[in-house]
Amino acid sequence: MQDRLNLPQRLRRKVWEVADAPEAPRFLRYNLGIPGNERADELAKEGAVEDQPENSVSFSEQKTIIKALMRPRTNRDDYHTTSREQQVNLIRLRTGHNRLNPHMNRKFKLAPSPTCACGQEDQTAEHILQRCPSLDEERKEVWPSPTPLQTKLYGSRQELEKTTTFITSAGLIV
């Protein structure tokens with residue numbers, strides 16, 4: 001029991017013994033000579049000498065705040081309300097990391113060329129969703145009136161579902 005009571009005192013003595021040793025680690029300024037870090041240090045020192053506001057937040061309140069910040073968001077955007085398969089197709093179309101010819105040709109050399117089968121331009125997400133003449137019929141069935149690419153890829157859940165329906169009906173694998 002007596003040993004446990006003296007534990008902090010014994011630890012403190014050990015730390016001082018190590019600190020007095022000739023090979024003890026010393027404080028090193030790792031950001032020495034880096035202009036942005038030097039300025040940040042100056043500002044931190046200036047702020048440290050100013051009067052600090054009294055924000056008496058109890059430990060319990062701190063825990064509540066941290067837990068609230070760590071909790072997953074309950075409100076979800078339209079993209080996150082679509083199915084996993086729809087999300088995968090949409091993110092592939094958005095990023096260009098997909099199975100369309102340009103990516104398969106340039107990245108993996110698995111397509112003979114980046115050009116679409118229609119022969120007019122590269123088979124990009126924009127081309128197939130907006131202009132490919134081979135897909136005009138499917139496109140008009142899903143979007144009877146002209147719809148911007150931004151709406152097709154980032155619009156409401158209904159618009160996002162139209163995009164994935166178009167990809168499926170066109171027989172495309174993205």
Side-chain angles (χ1 to χ4, degrees), residues 28-44 47 52-53 55-174:
L28 298 174
R29 293 187 60 200
Y30 291 104
N31 59 356
L32 191 61
I34 301 171
N37 288 348
E38 291 292 327
R39 181 68 182 133
D41 281 349
E42 290 172 19
L43 292 171
Q52 301 298 312
N55 290 341
S56 56
V57 179
S58 71
F59 179 71
S60 176
E61 289 173 312
Q62 291 173 11
K63 281 187 354 186
T64 302
I65 292 168
I66 292 169
K67 284 181 182 178
L69 291 172
M70 298 301 293
R71 206 173 303 129
R73 293 185 326 189
T74 53
N75 58 339
R76 297 176 0 155
D77 60 8
D78 288 333
Y79 167 80
H80 288 96
T81 60
T82 60
S83 73
R84 175 76 175 137
E85 182 181 354
Q86 289 171 323
Q87 289 177 11
V88 168
N89 284 334
L90 290 166
I91 204 70
R92 286 178 177 172
L93 290 169
R94 289 174 176 183
T95 62
H97 294 276
N98 51 45
R99 297 179 187 158
L100 299 177
N101 286 346
H103 188 65
M104 298 308 284
N105 173 265
R106 293 185 183 119
K107 184 76 174 174
F108 303 110
K109 308 292 186 224
L110 294 174
S113 92
T115 308
C116 181
C118 73
Q120 291 192 354
E121 60 183 284
D122 285 359
Q123 188 190 35
T124 62
E126 182 176 5
H127 173 71
I128 63 170
L129 292 173
Q130 299 293 96
R131 295 185 296 276
C132 182
S134 305
L135 302 172
D136 277 342
E137 192 176 306
E138 290 89 347
R139 191 178 308 104
K140 285 183 180 154
E141 199 172 301
V142 177
W143 297 287
S145 60
T147 305
L149 181 65
Q150 180 79 11
T151 302
K152 292 177 182 179
L153 293 176
Y154 299 95
S156 66
R157 179 182 175 144
Q158 183 181 7
E159 290 299 331
L160 298 176
E161 287 177 346
K162 284 182 181 181
T163 302
T164 57
T165 299
F166 169 75
I167 294 298
T168 304
S169 67
L172 296 168
I173 299 172
V174 294

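These numbers come from the heavy atoms of this one structure, side chains and all, not from hydrogens, waters or symmetry mates.
- With sequence neighbours left out, Asn101 forms a side chain to side chain donor-acceptor pair (under 3.5 Å) with Gln123.
- Sequence neighbours left out, not one pair with a member in residues 62-87 passes ring-ring contact (aromatic ring centres under 6.0 Å, His included).
- Rounding to the nearest 0.5 Å places CZ of Arg71 at 12.5 Å from CD1 of Ile66.
- With sequence neighbours excluded, the residues forming a side chain to side chain donor-acceptor pair (under 3.5 Å) with Glu42 are Arg39, listed by chain and number.
- For Asp78, the salt bridge (charged side-chain N to carboxylate O under 4.0 Å, His left out) test picks out no residue, with sequence neighbours left out.
- For residues 83-104, there are no salt bridge (Lys or Arg N to Asp or Glu O under 4.0 Å) pairs, not counting sequence neighbours.
- Taking the side chain as every heavy atom from C-beta outward, Tyr154 and Thr163 never approach each other to under 4.5 Å.
- Distance check, rounded to the nearest 0.5 Å: CD1 of Ile91 to CD of Gln87 gives 8.5 Å.
- Residues passing the salt bridge (charged side-chain N to carboxylate O under 4.0 Å, His left out) test with Asp136 are Arg139, sequence neighbours excluded.
- Going from atom OG of Ser113 over to atom CZ of Arg106 covers 9.0 Å, rounded to the nearest 0.5 Å.
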Tabulate below the donor-acceptor pairs under 3.5 Å that side-chain atoms of residues 165-174 make, not counting sequence neighbours, or state none.
{"from": "Thr165", "atom 1": "OG1", "to": "Glu161", "atom 2": "O", "distance (Å)": "2.8"}
{"from": "Thr168", "atom 1": "OG1", "to": "Thr164", "atom 2": "O", "distance (Å)": "3.0"}
{"from": "Ser169", "atom 1": "OG", "to": "Thr165", "atom 2": "O", "distance (Å)": "3.2"}
{"from": "Ser169", "atom 1": "OG", "to": "Phe166", "atom 2": "O", "distance (Å)": "3.1"}

Which atom pairs, one a donor and one an acceptor, fall under 3.5 Å between side chains of residues 124-132 and the rest of the protein, sequence neighbours left out?
{"from": "Thr124", "atom 1": "OG1", "to": "His127", "atom 2": "N", "distance (Å)": "3.1"}
{"from": "Glu126", "atom 1": "OE2", "to": "Arg131", "atom 2": "NH1", "distance (Å)": "3.3"}
{"from": "His127", "atom 1": "ND1", "to": "Glu121", "atom 2": "OE2", "distance (Å)": "3.3"}
{"from": "Gln130", "atom 1": "OE1", "to": "Lys152", "atom 2": "NZ", "distance (Å)": "2.5"}
{"from": "Gln130", "atom 1": "NE2", "to": "Thr147", "atom 2": "O", "distance (Å)": "3.3"}
{"from": "Arg131", "atom 1": "NE", "to": "Glu121", "atom 2": "OE2", "distance (Å)": "3.1"}
{"from": "Arg131", "atom 1": "NH2", "to": "Glu121", "atom 2": "OE1", "distance (Å)": "2.9"}

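- Partners of Ser60 according to the side chain to side chain donor-acceptor pair (under 3.5 Å) rule, which considers only residues two or more places apart in sequence or in another chain, do not exist here.
- Sorted by first and then second residue, the salt bridge (Lys or Arg N to Asp or Glu O under 4.0 Å) pairs with a member in residues 162-174 read Glu159-Lys162; sequence neighbours excluded.
- Listed by first then second residue, pairs satisfying salt bridge (Lys or Arg N to Asp or Glu O under 4.0 Å) with a partner in residues 59-70 number zero, not counting sequence neighbours.
- Partners of Gln150 under the side chain to side chain donor-acceptor pair (under 3.5 Å) rule, at least two apart in sequence or in another chain, do not exist in this structure.
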